[in-house]
Amino acid sequence: MSTFTEKVPPDRGKRKDIDGHQHPPSKTKKKESAFKIAALIVKGLKDISKIQMSKTLKVHLPNAKIENILKSQTNLFTIQAQDVHTFNQLLTNFPKTAFSTDPNNIAIYIPRTIRQVFETEKIAFLKHVDQEITDKEIEEALFESNFAFEKVQRIMLKKDNRSTKSVKIIFSDRSNRDTLVRSGLNIGFLKFQAERALPSNKPLQCFRCWGYGHTSKYCHREELCRKCAEHHSSTTCSNQLIKCANCSLAHEANNVNCPKHVEQKEKIQKTFDEYIVTPSNNLRS
Ligand SMILES: [Zn+2]
Ligand SMILES: [Zn+2]
Ligand SMILES: [Zn+2]
């Protein structure tokens with residue numbers, strides 16, 4: 001089982017982030033705050049001020065409860081909704097046509113880190129489930145215990161397509177997932193424990209310039225060598241000197257112990273800690 005602290009080789013496991021990385025529910029890290037509503041980003045509006053945005057939203061979404069509107073130097077608006085209803089309203093009914101900009105150029109989205117939280121909050125992994133127990137038997141047990149779920153899927157090892165003892169369950173909502181994590185699942189007279197899925201805090205790194213927060217597809221920077229940080233491709237490097245393109249220390253740019261990598265990882269984890277509600281918090285609210 002992978003955890004946050006485990007070192008993942010840089011080129012492996014890119015897709016398994018959501019499926020593979022999980023974490024036992026932490027008993028020491030209890031948070032008092034209630035579930036935080038994610039901020040939404042609006043892209044593509046240039047000549048609009050914050051107050052204009054505020055007035056426009058007030059006219060078109062009169063019931064929306066908005067905490068604050070921020071605008072970056074690159075013309076990205078960040079809108080902080082006060083409740084889930086407003087959040088959904090903004091995401092689906094943002095008044096794109098109310099601005100002089102072509103509506104097709106306006107995009108509203110959830111930041112990647114937070115989207116990952118949403119994608120994983122309905123998922124749990126049932127542990128130590130013997131291979132002879134079928135997905136269908138697990139589904140029946142879930143029905144019997146009145147769980148609302150969407151999918152049951154035995155985790156297979158990609159390498160040789162061997163089945164594992166972990167079973168992924170996608171629930172209809174977070175509350176059903178959390179109930180299973182707290183209570184476990186009875187299949188006949190057998191009892192199985194579950195762990196919630198958590199998103200990976202592995203930073204997004206560019207394979208072209210080795211910077212963080214973007215991929216090579218969207219890279220606007222010059223190509224740098226992974227090994228020596230000079231302006232050539234890593235595959236053609238003949239330099240004996242090892243130098244990191246991010247911190248100039250003597251390691252390759254994709255080294256997971258690089259201070260820059262650690263810093264990025266902590267930043268992502270901080271966002272997760274703000275947005276992820278542990279099952280124990282649910283009981284309290
Ligand atoms: Zn780049
Ligand atoms: Zn080089
Ligand atoms: Zn470094």
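Numbering of ligands and ligand atoms starts at 1, following listing order.
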Q) What angle sits at the Zn ion (ligand 3) between SG of Cys244 and SG of Cys258, to 10°? A) 120°
Q.
Can you classify the ring geometry of Phe99 versus Phe94 as parallel (below 30°), tilted (30 to 60°) or perpendicular (above 60°)?
A. parallel
Q: Measure across Leu76 and Lys43 and return the closest heavy-atom pair with its distance rounded to 0.1 Å.
A: CD2-CG, 3.4 Å
**Q.** Apex the Zn ion (ligand 1); atoms Cys219 SG and His214 NE2; angle rounded to 10 degrees
**A.** 120°
Q.
If hydrophobic clusters are built by linking Ile, Leu, Val, Met, Phe, Trp and Tyr wherever their side-chain heavy atoms come under 4.5 Å apart, do Tyr109 and Leu204 end up in the same one?
A. no
Q. So what does the Cys209 SG - the Zn ion (ligand 1) - Cys206 SG angle come to, to 10°?
A. 110°
Q | Angle subtended at the Zn ion (ligand 2) by Cys228 SG and His232 NE2, rounded to 10 degrees | A | 100°
Q) N/O/S atom of His251 under 2.8 Å from the Zn ion (ligand 3), yes or no? A) yes
(Q) With heavy-atom distances below 4.5 Å as the criterion, would you say the side chains of His251 and Cys258 are in contact? (A) yes
Q) Got a second to check how far Arg154's CZ is from Thr134's OG1, nearest 0.5 Å? A) 8.5 Å
